[in-house]
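Written out below as structure tokens is the structure these notes cover.
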Protein chains: 2
Amino acid sequence: MVRQEVQREQTASMEDYLEAVAMLQGKDKVVRVSQISRKLKVKMPSVTSALKKLSEQRLVEHERYGRIKLTPEGDAVARDVIRRHEALTRFFAQALGINRETAEEDACKIEHVISPLSMERLAKFVEFIEACPLGRANFPSRYKYYLEHGEFPQDCLERSAKKGK
Amino acid sequence: MVRQEVQREQTASMEDYLEAVAMLQGKDKVVRVSQISRKLKVKMPSVTSALKKLSEQRLVEHERYGRIKLTPEGDAVARDVIRRHEALTRFFAQALGINRETAEEDACKIEHVISPLSMERLAKFVEFIEACPLGRANFPSRYKYYLEHGEFPQDCLERSAKKGK
DNA sequence: TCGAATTGTTAGACATGTCTAACAATTATA
DNA sequence: TATAATTGTTAGACATGTCTAACAATTCGA
């Protein structure tokens, strides 16, 4: 009895295609090559060629000139990519105070290269920061103060004063 | 009068080579193809070929069978990569509590893809966390508690209690 | 200092993923 | 429903960066 290998390692590109299909599928139902092409800013032949590879791996189903949909395995991979994407976006946007667009762009790149351990910790970190802003010693707001004024808020100084201004 | 273009956009690979040369140069002075090969875990012909490209861009000097050294421009690029590398490593290690090795590996990947804005903010964030642990309401230690116990420390609860558990 | 071991280079194959050009299928519309 | 516009595919060029095999230069030790 041969065990099926399910979760193959994907390249950044293939992960992008899977992610795009999942997101378009969620929105509109019927996914088209042209949509993926627009979303990923690549030409249609690139999409066709990627879909061919993903079909061979049974991650998507794609009949010539026809519908594109994720298999359950493809969906699992895509969802995992999206999970990373969202945690990273939240980190950049919420924790670092970066604009949504840049946050998304960075998430899009980093989601493909970050280790599982760092990803897990980062997700927990965001969760922590969002849920636990330290009561009235609100963390993000102090960080914001530091960002805007270039110096530490009053109640930091006890411990950082030695490091000169 | 034609202006020289100095800081070209480099690929992740080329940035890795520049970074490696800079780091080996700092250590030993004389940089060899074999060292770069070992450091980056690629075969020597890959190194030779990369150095050829970087030479054409005047980022390294490399004479056949001879010394390898960065030009001032190459050094500037390399230092910038290393700056990103170090800030990222500090973030993963200090802020997220990840082991040095994994932190380095992740930094090595992310340094090539993160946007300048996010990089700047992340660096400031690390600076902030390291310099300003909120007096006795030490931030990293609360985060650590959360990591280890899976629940928020007492003084977080005022604000997060509503979220179940 | 000669020969073996090490180090480095060249040539060229290969993998990935992009693109353009040409053509084919589908769809929408007059 | 014929034809025009759109959408999709195929073929093949190209860029990047890796590798192996073969050869060349350098270095080190007997």
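By convention in this document, chain letters (A, B, ...) are assigned in the order of the sequence lines, proteins followed by strands, and residues within each chain are numbered from 1.
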Legend entry - Earlier contact from the 5' end, DNA chain C, for A:Y65 and A:K41: A:K41
Legend entry - A:L70 versus A:Q25, closest heavy-atom pair with distance: N-OE1, 3.3 Å
Inset, instruction - Remember a base hit wins even if backbone is also touched, and classify A:S34 as base, sugar-phosphate or nothing at under 4.0 Å, heavy atoms. - result: sugar-phosphate
Inset, instruction - Assess whether atom CD of B:E56 is packed by more than 12 heavy atoms of other residues, nucleotides or ligands within 6.0 Å. - result: yes
Inset, instruction - Find out whether A:E104 and A:H85 are in side-chain contact, i.e. whether some heavy atom of one side chain is under 4.5 Å from a heavy atom of the other. - result: yes
Inset, instruction - Would you kindly compare B:E63 and A:K53 by the position of their nearest DNA chain C nucleotide and give the one closer to the 5′ end? - result: B:E63
Inset, instruction - Taking A:T71 for its side chain and A:R58 for its backbone only, find out whether a donor-acceptor pair lies under 3.5 Å. - result: yes
Inset, instruction - Supply the atom-to-atom distance A:I110 CD1 to A:M119 CE, rounded to the nearest 0.5 angstrom. - result: 9.5 Å
Inset, instruction - Output the residues of residues 12-21 of chain B in contact with DNA chain C, where contact means a heavy atom of the residue under 4.0 Å from an atom of the strand; sort by number or write none. - result: none
Inset, instruction - Quick one: sort the A:F125 and B:F91 rings into parallel, tilted or perpendicular, breaks at 30° and 60°. - result: perpendicular
Legend entry - A:K124 vs A:E120, salt bridge (charged side-chain N to carboxylate O under 4.0 Å, His left out): CA-CA, chis, key distance, verdict: CA-CA 6 Å; A:K124 282 196 176 156; A:E120 184 210 304; 3.4 Å; yes
Inset, instruction - Measure the NE2-CD1 distance between B:H62 and B:I68 for me, rounded to the nearest 0.5 Å. - result: 4.5 Å
Legend entry - Nucleotide range of DNA chain C lying under 4.0 Å from chain A heavy atoms: C:dG17 to C:dT26
Inset, instruction - Give A:S49 one of three labels, base, sugar-phosphate or nothing, depending on what nucleic acid heavy atoms sit under 4.0 Å from its own. - result: base
